[in-house]
Amino acid sequence: MRINNEFGYIEIAPDVIAGIAGYAASSCFGVKGMTVRSVADGVAHLLRRENMSRGVKITEAPDGGINIDLHIAVDHGINIASVCRSIISEVRYHVEQLTGIDVKNIDIYVESIKAD
């Protein structure tokens, strides 16, 4: 992602944005963590803290800005709609504040529900 200003430009790698989004999403109440779906068996696997960006996909929006896809696991017994609204708000806030890039759309895929 490239941001132009009067002094030149700033280039931010998609992995940096994915890391910010993954950290913001996983810090929300009710989120067990980020997930990635295994190609071999099709099962969603919970990622450790250092791999959170693997559960995030960043794409550039056609009209400027970015779109974010998040793959998450949530706690059993929580209201998924409320948690997703909280995640969308937190991720949008953190990405826009830390990078200055407009977040157009955030899609959340709940891959699994984990019991304690």
Side-chain angles (χ1 to χ4, degrees):
M1 182 100 251
R2 190 175 193 158
I3 303 168
N4 294 315
N5 62 26
E6 65 271 7
F7 302 113
Y9 68 91
I10 301 167
E11 194 159 336
I12 301 174
D15 288 343
V16 172
I17 300 169
I20 294 167
Y23 179 78
S26 64
S27 66
C28 290
F29 174 78
V31 177
K32 275 288 196 191
M34 305 304 293
T35 62
V36 65
R37 191 166 287 279
S38 172
V39 176
D41 55 12
V43 177
H45 297 282
L46 198 61
L47 297 170
R48 293 186 304 209
R49 278 257 190 238
E50 59 270 6
N51 292 328
M52 283 188 290
S53 63
R54 285 186 55 208
V56 182
K57 181 181 175 191
I58 306 294
T59 55
E60 288 191 42
D63 57 347
I66 58 172
N67 297 320
I68 302 174
D69 293 344
L70 301 167
H71 297 267
I72 64 168
V74 296
D75 288 325
H76 181 268
I78 55 122
N79 185 322
I80 294 174
S82 295
V83 169
C84 289
R85 280 192 295 274
S86 172
I87 292 169
I88 289 168
S89 174
E90 284 292 308
V91 169
R92 175 170 280 128
Y93 173 78
H94 285 288
V95 170
E96 288 180 349
Q97 287 293 359
L98 293 174
T99 65
I101 298 170
D102 188 30
V103 177
K104 297 292 185 183
N105 191 34
I106 299 173
D107 293 323
I108 301 174
Y109 301 91
V110 178
E111 298 286 351
S112 67
I113 298 173
K114 301 281 185 182
D116 287 331

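Remember, predicted model here, so these are calculated numbers, not experimental data.
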Undergrad: Write down the atom of Leu70, the atom of Ala25, and the distance for their closest heavy-atom approach.
TA: CD1-CB, 4.2 Å
Undergrad: Roughly how far apart are Asp75 CG and Lys114 NZ, rounded to 0.5 Å?
TA: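 With rounding to 0.5 Å, CG (Asp75) is 11.0 Å from NZ (Lys114).
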Undergrad: Does anything in residues 1-19 form a side chain to side chain donor-acceptor pair (under 3.5 Å)? List the pairs, not counting sequence neighbours.
TA: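 Of all non-adjacent pairs touching residues 1-19, none passes side chain to side chain donor-acceptor pair (under 3.5 Å).
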Undergrad: Under the rule for ring-ring contact (aromatic ring centres under 6.0 Å, His included), what residues qualify as partners of Tyr93, not counting sequence neighbours?
TA: none
Undergrad: Could you give the distance from CD1 (Ile68) to CD1 (Ile106), rounded to the nearest 0.5 Å?
TA: 5.0 Å
Undergrad: For Cys84 and Val110, work out which heavy atoms get closest and say how close.
TA: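 Nearest heavy atoms, Cys84 then Val110: SG-CG2, 4.3 Å.
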Undergrad: Could you name each residue pair satisfying side chain to side chain donor-acceptor pair (under 3.5 Å) that touches residues 95-104, not counting sequence neighbours?
TA: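 Sorted result for residues 95-104: Asp102-Lys104.
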Undergrad: Which residue pairs pass the side chain to side chain donor-acceptor pair (under 3.5 Å) test when at least one of the two sits in residues 82-91, sequence neighbours left out?
TA: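 Counting only pairs at least two positions apart or across chains, the side chain to side chain donor-acceptor pair (under 3.5 Å) contacts touching residues 82-91 are Ser82-Arg85, Glu90-His94.
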Undergrad: How far apart are the C-alpha atoms of Met34 and Ile72, what are their side-chain angles, what is the distance that settles it, and do they pass the side chain to side chain contact (heavy atoms under 4.5 Å, CB included) test?
TA: CA-CA 4 Å; Met34 305 304 293; Ile72 64 168; 3.9 Å; yes
Undergrad: Under 3.5 Å, sequence neighbours excluded: what are the donor-acceptor pairs made by side chains of residues 55-67?
TA:
unit_1 : atom_1 : unit_2 : atom_2 : d
Asn67  : OD1    : Asn105 : N      : 3.4

Undergrad: Would you call Val103 and Val91 a side-chain contact if the rule is heavy atoms closer than 4.5 Å?
TA: no
Undergrad: Taking only residues at least two apart or on different chains, which pairs with a member in residues 54-73 satisfy ring pair (Phe, Tyr, Trp, His ring centres under 6.0 Å)?
TA: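 As it turns out, the ring pair (Phe, Tyr, Trp, His ring centres under 6.0 Å) pairs with a partner in residues 54-73, which skip direct neighbours, are His71-Tyr109.
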Undergrad: Looking at every non-hydrogen atom in both residues, tell me the closest pair between Ser112 and Thr35 and how far apart they are.
TA: OG-CG2, 4.4 Å
